[in-house]
Number of protein chains: 2
Amino acid sequence: MGQRCSLVHVTKLRSDTERTVRTILEAAERTFSRNPAASMEQVAEAAGVARTTVHRRFTSRDALIDAMAAWATRRFAEAVESAYTTTAPVPVTLHQVTANVLRVKIDWGYAMSRTTSRDPEVARVHSEVRGRCDEMFRRARDAGLLRADADLDWVRRVYYALIHEAATGPDEDLDADALATRLVDTLLHGFGASAGRWAM
Amino acid sequence: MGQRCSLVHVTKLRSDTERTVRTILEAAERTFSRNPAASMEQVAEAAGVARTTVHRRFTSRDALIDAMAAWATRRFAEAVESAYTTTAPVPVTLHQVTANVLRVKIDWGYAMSRTTSRDPEVARVHSEVRGRCDEMFRRARDAGLLRADADLDWVRRVYYALIHEAATGPDEDLDADALATRLVDTLLHGFGASAGRWAM
DNA sequence: CGGAGTTGCAACACGTATGACGCATGTGAT
DNA sequence: ATCACATGCGTCATACGTGTTGCAACTCCG
């Protein structure tokens, strides 16, 4: 019985702690996305806590950034894996993956840009997602959605660049689905008139 | 007579000084492009001069970065203006402008990313170049090169993003012309098979 | 009420980047 | 040789960010 009560107590406290950690991570994202050289003081201020509290939760500045990268990377992987499927038509998968990734990237742009982290797990997941991406484009090419002579490395680089641009742009009137639609259309057809969207 | 000799003297010394300034600017670009938080000491080391010399030429760290931005911005504007013309066919102009800009961006990637400088002249030139870019795409659309319903703001954003990606990528085997060819092709046609390069 | 846990606040030590000196040296022009 | 100028070197003061610690106050639970 003492155990159960203790567990409830600990659970409650841990929940508080988790909330504080989340608050700090989100404040750090907002702060660093505006100024990557911001100080811990500015992060603490943005989080509405004292600087010492930040240092209590994260032993060092690097540890904080690592935690941000780990958190965002997990969301990133989830966004891709939950949308990726080999059963649905490739265009559908491409759109869903794009929209899901945009949703995460809009909120965690800075943290997601830290692909080279001191945490090997982060680098591993990033390269894993990259593999999924390459696989998706290979299937797209095999399915005839992409040109047969498309350089898949260049395709992936352009895709990442477009995601970055779409997520950081001033399109507050467009939601992730609309952004994804425009992005995929651009990726597949570009802006040329003679090779327009409805050409056959 | 004393005047002429003095002028020669001053000219010679100024030439030396200009060379030192150039050396420092180029070293700063190399250093900051790898690590934006690098110290003045590292910049001086990369330039092969003492740290005090850097401080003699640039009163502060901000002044150095401003000077880099001003220098790169001038080269940027030159690259665009020297290639931009209303007489040549739009596709030719697009390719030449792209190749010229890539040549500058490859060497001055960090400095060119500082579009918001404390120097109002830099911001002015950047917005001026941006205007030229918009004008070019408007002409491209009027000439039928771009789809009539293309969102020119989105076109420009994608264009800038592709230039950034092409210039920072690991394509040491491709020169600026080859990069520009691939970039413009991607911009106009994307990667879709049904709307390929040779579609009519 | 009493205890555990967390936070804010103030203060501290430490390292590092910055910017400004003065002085000696070297180089090129007269 | 002499002068003007730029550089390198050593030194200094200063500011800022980081990370740690001790203490009081607060909250929640038993």
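First the proteins, then the strands, lettered A, B, ... as listed; each starts at 1.
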Exercise for the section: Report yes if the side chains of M40(B) and L64(B) come closer than 4.5 Å at any heavy-atom pair, otherwise no. Expected result: yes
Exercise for the section: Just do the side chain to side chain contact (heavy atoms under 4.5 Å, CB included) check on N100(A) and R103(A) with the steps written out, would you? Expected result: CA-CA 5 Å; N100(A) 267 10; R103(A) 270 181 268 271; 3.4 Å; yes
Exercise for the section: Take the protein atom CZ of R19(B) and the nucleotide atom P of dG28(C), then report the distance between them rounded to whole Å. Expected result: 11 Å
Exercise for the section: Say whether V80(B) and V122(B) are linked into one hydrophobic cluster, either directly or through other cluster members, by side-chain heavy-atom distances under 4.5 angstrom. Expected result: no
Problem - Spacing between D62(B) atom CG and dC16(D) atom C1', to the nearest angstrom - result: 15 Å
Problem - Near-ring test F137(B)/F191(A), centroid separation under 6.0 angstrom - result: no
Exercise for the section: Return the nearest nucleotide to the side chain of T20(B); candidates are dT7(C), dT7(D), dG19(D). Expected result: dT7(D)
Problem - For atom CD of Q42(A) and atom P of dG17(D), their distance in whole Å - result: 7 Å
Fill in the blank from the handout: When rounded to whole Å, the CD to C1' distance for the pair E41(B) and dG15(C) reads 15 Å
Exercise for the section: Check the side chains of Y110(A) and T31(A) for a donor-acceptor pair under 3.5 angstrom, ignoring hydrogens and angles. Expected result: no
What nitrogen or oxygen pairs link the protein and nucleotides 8-11 of chain D at under 3.5 Å?
{"residue": "dG8(D)", "atom": "OP2", "partner": "A50(B)", "partner atom": "N", "Å": "3.1"}
{"residue": "dG8(D)", "atom": "OP2", "partner": "T53(B)", "partner atom": "OG1", "Å": "2.4"}
{"residue": "dG8(D)", "atom": "N7", "partner": "R56(B)", "partner atom": "NH2", "Å": "2.8"}
{"residue": "dC9(D)", "atom": "N4", "partner": "T52(B)", "partner atom": "OG1", "Å": "3.3"}

Problem - Euclidean distance, atom CZ of residue R57(B) to atom C1' of dA20(C) [Å, nearest integer] - result: 16 Å
Practice task
Assess the side chains of Y84(A) and E135(A): does a donor N or O sit below 3.5 Å from an acceptor N or O?
Solution key: yes
Exercise for the section: Verify salt bridge (charged side-chain N to carboxylate O under 4.0 Å, His left out) between R156(B) and D151(B), making sure each step is shown before the conclusion. Expected result: CA-CA 9 Å; R156(B) 179 179 38 72; D151(B) 176 346; over 6 Å; no
Handout entry: Between E165(B) and Y160(A): side-chain donor-acceptor atoms closer than 3.5 Å
Key = no
Practice task
Give a yes or no on whether the ring-centroid distance for H126(A) and F76(A) is below 6.0 angstrom.
Solution key: yes
Practice task
Using whole Å, report how far CZ of R61(B) lies from P of dG17(D).
Solution key: 13 Å
Handout entry: Atom pair distance, as rounded to whole Å: CZ in F58(A) and P in dT18(D)
Key = 14 Å
Completion exercise
Whole-Å distance, H55(A) NE2 to dA11(C) C1', equals 15 Å
Handout entry: Within residues 31-40 of chain A, residues whose heavy atoms come under 4.0 Å of DNA chain C
Key = none
